[in-house]
Amino acid sequence: MQKLLLALLFATIIGGMTNVPAATAAVPCEEMLKTVRAAQATAKLNDADKTKVADLEAKGIERCNADDDSRADTFFQDALSLMGK
């Protein structure tokens, strides 16, 4: 009986763990790019920050095109941070 309960407990734990990657999945980079572009439309940046945001956006697009959503999202998030979003 204890083995059956232990097996059920183990199966429950393993079954619950399969949902973890979905919960921590990266946002599609195309969606983050839309967010960055919308923020740029209203952001009031000096020339140096505009250059940094454009550079981060370009790097993000490059990673997005390479299907590296996680790294692309990092670049896009950095750009959003510079814009105060």
Side-chain angles (χ1 to χ4, degrees):
M1 184 66 153
Q2 287 180 345
K3 287 184 180 182
L4 177 62
L5 288 174
L6 195 56
L8 286 172
L9 178 63
F10 182 73
T12 303
I13 291 170
I14 296 299
M17 291 177 68
T18 58
N19 292 330
V20 171
T24 59
V27 174
C29 56
E30 295 84 4
E31 294 301 315
M32 284 289 288
L33 178 57
K34 288 178 189 176
T35 303
V36 169
R37 289 184 173 162
Q40 281 177 321
T42 60
K44 293 179 179 12
L45 300 172
N46 61 37
D47 290 339
D49 286 342
K50 283 181 187 179
T51 301
K52 289 177 189 176
V53 168
D55 185 48
L56 289 166
E57 181 183 0
K59 289 177 181 179
I61 291 170
E62 178 185 347
R63 294 302 350 150
C64 189
N65 289 336
D67 290 331
D68 186 359
D69 285 17
S70 179
R71 295 224 22 228
D73 288 351
T74 301
F75 287 122
F76 293 147
Q77 188 58 52
D78 290 347
L80 289 169
S81 293
L82 272 174
M83 292 184 280
K85 305 292 181 189

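Because only heavy atoms are used, hydrogens play no part in the values below, and waters and symmetry mates are left out as well, while side chains stay in.
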Would you indicate whether the side-chain heavy atoms of [Y] and [X] approach each other to under 4.5 Å?
X     : Y     : answer
Glu62 : Asn65 : no
Leu45 : Leu82 : no
Arg71 : Asp68 : yes
Phe76 : Leu56 : no
Ser81 : Lys85 : no
Leu80 : Met32 : yes

(message) With disulfide (SG to SG under 2.5 Å) as the rule and sequence neighbours excluded, what pairs involving residues 41-85 come up?
(response)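 Only Cys29-Cys64 qualify under disulfide (SG to SG under 2.5 Å).
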(request) Drop me the distance from Lys50's NZ to Asp55's CG, to the nearest 0.5 angstrom. (result)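 Reported to 0.5 Å precision, the distance equals 16.0 Å.
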(message) Go through it in stages, so that I can follow the logic: the residues are Lys52 and Asp49, the test is side-chain contact (heavy atoms from CB on, under 4.5 Å), and I'd like the CA-CA distance, side-chain angles, deciding distance and then a yes or no.
(response) CA-CA 5 Å; Lys52 289 177 189 176; Asp49 286 342; 4.0 Å; yes
(message) Go through it in stages, so that I can follow the logic: the residues are Arg37 and Glu57, the test is side-chain contact (heavy atoms from CB on, under 4.5 Å), and I'd like the CA-CA distance, side-chain angles, deciding distance and then a yes or no.
(response) CA-CA 9 Å; Arg37 289 184 173 162; Glu57 181 183 0; 2.9 Å; yes
(message) Determine whether Met83 and Val36 satisfy the following criterion, side-chain contact (heavy atoms from CB on, under 4.5 Å), listing intermediate values before the conclusion.
(response) CA-CA 9 Å; Met83 292 184 280; Val36 169; 4.1 Å; yes
